[in-house]
Each structure stands twice: as C-alpha cells, then as structure tokens.
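Sequence lines set the chain letters: A, B, ... in the order given, protein chains first and strands last, and positions in each chain run from 1. In what follows, every heavy atom counts, from backbone to side chain, and hydrogens, waters and symmetry copies are set aside.
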Protein chains: 2
Amino acid sequence: MADDIFKALADPTRRTILDELAESPGQTLFELCSRLAMKHRLGMSRQAVSQHLAVLEAAGLVETRREGRYKFHDLNPAPLRHLTERWTGPNPTEDTP
Amino acid sequence: MADDIFKALADPTRRTILDELAESPGQTLFELCSRLAMKHRLGMSRQAVSQHLAVLEAAGLVETRREGRYKFHDLNPAPLRHLTERWTGPNPTEDTP
DNA sequence: TTGTCAGGCAAGCGTCTGCTTGCCTAGGGT
DNA sequence: ACCCTAGGCAAGCAGACGCTTGCCTGACAA
C-alpha cells in the first residue's frame, strides 16, 4: 500500500512523469514519450515509459481511461496528501472546515 | 537532494527505523537493532541496520551525535515537510502563525 | 480486406541494492 | 597491561530494478 507509493516515487523518471501529468493532464503514452524527450531530454523507449506508468498506476498515483484506441493518463495526488504525516505529525491547521 | 530522500524512503526497513526514532529519539545502533528485532520481528545483522542509518543520514532524515563510544541517532523530519507539495500543491492553511 | 497507429506482453541483459561475513579501530572498565 | 563493547570498513552474493528488443492485439481509415 504505502510501500507501493514510496517505491513508485523512488525513481526520478517516474517523478518527472508525475510532474508532466500535473502540468498537462490527460496525456496518452505517446504524448508523454515525446514530451519527456523534448522537455526533459530523456531518450527512452516507449515500453520504458509504459512500464513506469504501470508502476504509478499500481500505486494509485495515476488513473487511466480508455477511449477507442487511446488511453489517457491523469495524476491522482490523493495518496500523497498525508503520506509523510507519519513522521511530521498532522499539519496543525490542515483540512479546516 | 530530493532524490536521496525518496530513495531513502523507498525501503520498508528504513521507514520502520524512522518510526522507531520518532517514538523514542536518541537511540544507539544496538538499541535500534534490538528494538527492530523485538517489536518488529526483523532479524537483521548489526551492519544491515548501520547501512540503513547511513542512507538515512545521507538523506538528512537522521542526525547523529557522538559521545564517547556511543553514537546517538535522532529523526529530522524537516526534509519531509514539503516533499509532496510538488504535486499536491501547498497545503492551504499550513504554517499559520 | 489491407495498412497503419496506439498500446500490451514477455524474455533477456546490465546495473543497483540489501544483506551477510570477516576483520579492524576506538573508548572504557578491571 | 588486558579485555570487552560500540561502531566502522570492505568484499562478496542473490535478488530486484530499469531498460531494451521482438512480437502480438485491437481500433480506425483507405
């Protein structure tokens, strides 16, 4: 559970993918590949990115929806919210109603 | 920098060590070894724990002080505070004075 | 139908990593 | 002096991880 999330965050390429999905949601695999290559100078094969996305999806950090032959990816930051409170203590005034 | 922190958090044993140091600060290597063995049923060699502590210290999550032949370890949660805001956005009401 | 394009599956390979084992240094007590 | 204890250094090993390559499936268009 939390283990999957921390392990998913351990790789710099996966963190860059999260950055990219935060900046422009709903990208397909090919869009992510080209933007990682252009903006971040990461020359990786399509399968490498696909495997990273699988790890992120298994951790619940990325959600996907299919439309025809396209698969769109979106960041889900919810699992990250209280991840480190285990050691920092709850943020005193967070979630004030 | 952030890479060291995420990589340090990726291992479940290291997260347990942080838990243990949060619960009772200032433990020595041997104290940590025995408590990991007793409370968490982790049978590891002393060197394994020592190497984990080195990783945590390199990431800035654990600080140490020597006294004679003892070396005491303390949790430093500061690097964890804003670690995930990169994707969650800043906590709206955090750090209110 | 045939061709093309987005994506998935699986095996293989090199590297990193967590852990062990063995030996070594330094501080403190008798 | 001697011994014991807390900790460090370094080599070695098995498994995990990141990435590639090659082939396959399914959706659309000509």
Look at the side chain of A/Arg69 against the base of D/dC28 and say whether a donor-acceptor pair falls under 3.5 Å; ignore hydrogens and angles. no

So does A/Arg46 reach the base of C/dG8 with its side chain, donor to acceptor, closer than 3.5 Å? yes

Using a strict cut-off of less than 4.0 Å between a Lys/Arg side-chain nitrogen and an Asp/Glu carboxylate oxygen, indicate whether A/Glu23 and A/Lys39 qualify as a salt bridge.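 Looking at A/Glu23 and A/Lys39, the cut-off is met.
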
If you measure from the Lys or Arg side-chain nitrogens to the Asp or Glu carboxylate oxygens, is any gap between B/Asp3 and B/Lys7 under 4.0 Å? yes

Nearest-angstrom distance from the residue atom [atom1] of [X] to [atom2] of [N]:
| X | N | atom1 | atom2 | result |
| --- | --- | --- | --- | --- |
| B/Gln47 | D/dG8 | CD | P | 10 Å |
| A/His52 | C/dG8 | NE2 | C1' | 16 Å |
| B/His73 | D/dG8 | NE2 | P | 6 Å |
| B/Asp11 | D/dC17 | CG | C1' | 14 Å |
| B/Met44 | C/dT20 | CE | P | 7 Å |
| A/Leu32 | C/dG8 | CG | P | 12 Å |
| A/Gln27 | C/dA6 | CD | P | 14 Å |
| A/Phe30 | C/dC5 | CZ | P | 10 Å |

Roughly how far, to the nearest 0.5 Å, is the CG atom of B/Leu18 from the CG atom of B/Leu56? 5.0 Å

Which nucleotide in the set D/dG7, C/dA6, D/dC19 lies at the smallest distance from any side-chain heavy atom of A/Ala48?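 From the listed options, D/dC19 comes nearest.
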
For A/Ser50 versus A/Leu29, what's the shortest heavy-atom pair and its separation?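 Nearest pair, atom of A/Ser50 first, then A/Leu29: N-CD1, 3.8 Å.
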
Mind checking whether B/Leu21 and B/Leu83 sit in one hydrophobic cluster, side chains of I, L, V, M, F, W, Y counted as touching below 4.5 Å?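 Same cluster: B/Leu21 reaches B/Leu83 through Ile, Leu, Val, Met, Phe, Trp or Tyr contacts under 4.5 Å.
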
Contact nearer the 5' end of DNA chain D, comparing A/Val55 with A/Gly68: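 Upstream on the strand: A/Val55.
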
Look at the side-chain N and O atoms of [X] and state whether any lies under 4.0 Å from the OP1 or OP2 oxygen of [N].
| X | N | value |
| --- | --- | --- |
| B/Ser50 | D/dG8 | yes |
| B/Ser45 | C/dT20 | yes |
| A/Arg14 | D/dG18 | yes |
| B/Lys7 | C/dT17 | no |

Residue whose closest nucleotide on DNA chain C lies nearer the 5' end, A/Phe72 versus A/Gln51: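 Nearest-nucleotide comparison on DNA chain C picks A/Phe72.
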
